[in-house]
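Below, each value reflects all heavy atoms present in this structure, side chains not excepted, and no hydrogens, waters or symmetry copies. Reminder, nothing fancy here: chain letters follow the sequence lines and each chain counts from 1.
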Amino acid sequence: MKKAKLHNGGNIPKSSTGSRSDPRLSNPGKCVGVSKLPEISCTKPKIPSGNSTTASPSGDNFFLRGVIISIIPERVPKARVDLLRKRIGERGGGIVTFHPQGALDETVTHYVVDDSVDAEEALRVFLMKQPDLEALSETLSNVQCLPCKWISGSLMSRTRLDEGGFFLHRQLLDLITRKMTASRKLDCTPPKSAFALFSLAVLATPFACTPKSEPSSMLSVNAGTGGDGSGIKRKWESIAEHASSGYEDSGGAESSDSDEEDSDVDEEFLARVQPGHMPFAAKFVCSYPSSSGRKNVNGHITDQLEKLQNTYKSTGQDFRAMAYGKAIGTVRNAPRITKIEDIKGLRGIGSGIKSKIIEILETGACEKVAAYCMDNEMNKAIELFCGIHGVSSKTALKWASSNLRTLEELPEKVRLNRVQQIGLKHYHDFLERIPRSEVVEIESTVKEAALRLQDGLELITCGSYRRGKPTCGDVDILVTHPDGKSHRNIFAPLLDSLRSSGFITDDLLVADEGSQKKFLGVCLLPNPGAKHRRLDIIVVPYSEFGCALLYFTGSAHFNRSMRSLAHKANMALSHHSLNKNAVRVGKKKVSDGEPLPGMITEKAIFDYLGLKYLEPADRDH
DNA sequence: CAGTAG
DNA sequence: GGGCCTTACTG
DNA sequence: GCCC
């Protein structure tokens, strides 16, 4: 048996290099990963006249060379425009003034609009200059239309940020395509494109920031039941439901009225809508419910794939293992697969896994499994060692390579760190699943001790328990206090209390600094024959409750998906916060962005990302 | 920094 | 050809 | 191994 949890351990980060900047725009200055946010000096610059050049992270002070920018001044404060013009010039870029009327300037390579401008509004502006959609489409396909944060981020990082990371341009082109399609066939309803979904989902986004109005209704969140949320029915809600239902690739199956004029939509409302979320929602598992509860009718297939996944994981091929994980999730979620057509269009299944599935369908087995997941001594030892908490592929391989084969010989022949010693001590207990009934007992024990210390504390058991699984690998208990401060002084006393009663038997990790405090350790119920169980206790400030709850409820795969989605929308999601205006270059973060206030319920986060709320049980991907 | 974890 | 989630601890 |  292996650890069920997905993690990304041992992946050596690839050195992040260049950009995928538009090849049409000649740009000799390469985008280079920026390791640190360079401070932007106000007194700085002036163009160095040939002699000494100040160093920059990119090694190129003129990273905007070849770029001709036109700032569309609508909504951008004049002072800001002037400042940007100056800075752009200092970095080798050209600037042309944007005149609302008159033809489009053909020398322009980049149009920059205010961050709050969405595709609709940008289109309106462009249409004033070029009323012909077809011609406009042609023109815009040769340039970039980007939010202001692209240029400010570029200037800040002294690197030309990858245009591909900003979606406005794609949305704009998509919008134009839609309009063209719509005007061509006036008589029928437009097809439901990915972008149509996007519009709907975005409109459905209340963009809450209505936190204070949220009473402690969320406190009804409780073990097992899950589901917070304001319960306020909005007129968009039904639309949103419509928009993000079912599988991906269901596009075209049904039509919607997405294309109707939204002139009745409040401008200010639109302005709050962040461009850039949902066109890709279908590609993320967090946008639709898992098949929780339903039986996996493709077990014969997932069994084989899981063997490969495990082997890849224990040999350190984590990304490959992860790819199998995604495919397994898709197959498990799908209706019974009996023929090739059944896997057509399923996400995460490419040529490699597809051929294996076909083989399983035809022969009932997969050669690769027999050949690669060999039951030899080495593999068995690696698998055995990977079962130790604190040991993963690297260490397991190292030990197995030096001819170690059993748990017993480990303490004498290798140096175990503290965590591994505890992991070894409870090796067999930790591999046992925990029945829900026992999770409840553990929860009660912790809850009782906590409430003795402080009234009004909220304790919620997350993890697979909250997702409704019949058994759990560990117990994750999240602790907070609605008054925003009474969570502060309970962490250490709570642990002391639980230790002194003999409930907590080991500490794997105690982190008492930072806004969130966490204990990862081991507990034991005072029952005959009780097993040692993995227990995590996390204390968080109320302001971070939503993000923490979301995170510790998982699943791991679901979390990754949601974070990817946020990332694509120029946001950043962590167990602390959902940030907007997060700027990244490749995988590197240039700016954290700003945490959004009010994300104290899970629903607020789903809403802000334009996703339909999913119950914990539906996040079991 | 690599390794492991949530 | 590169990203594939993100933050945090240990040694 | 998948996807862009």
Donor-acceptor under 3.5 Å ([X] side chain, [Y] main chain):
X      : Y      : answer
A:N298 : A:I337 : yes
A:S555 : A:R619 : yes
A:R320 : A:Y312 : no

Ignoring the backbone of [X], work out which of [options] is nearest its side chain.
X      : options             : result
A:K394 : D:dG1, B:dG6, B:dT4 : B:dT4
A:L520 : D:dG1, B:dT4, B:dG6 : B:dG6
A:S564 : C:dC5, D:dG1, B:dT4 : C:dC5

Round to the nearest Å and state the distance from A:Y324 atom OH to D:dC3 atom P.
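A:Y324 atom OH is separated from D:dC3 atom P by 13 Å.
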Using a heavy-atom cut-off of 4.0 Å across all strands, would you classify [X] as base, sugar-phosphate, or nothing?
X      : answer
A:S561 : nothing
A:Y312 : sugar-phosphate
A:L573 : sugar-phosphate

For side chain to side chain donor-acceptor pair (under 3.5 Å), just list the numbers for A:H532 and A:D506, CA-CA rounded to whole Å, side-chain angles, deciding distance to a tenth of an Å, and then say yes or no.
CA-CA 10 Å; A:H532 287 83; A:D506 301 270; 5.2 Å; no
A:H576: partners by ring-ring contact (aromatic ring centres under 6.0 Å, His included), with sequence neighbours left out
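So A:H576 forms no ring-ring contact (aromatic ring centres under 6.0 Å, His included) with any residue.
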Close N/O contacts between protein and nucleotides 8-11 of chain C (under 3.5 Å):
unit_1 : atom_1 : unit_2 : atom_2 : d
C:dA8  : OP1    : A:H576 : NE2    : 3.2

Does a side chain donor of either A:R347 or A:T330 reach within less than 3.5 Å of an acceptor in the other side chain?
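No, no side-chain donor-acceptor pair sits under 3.5 Å.
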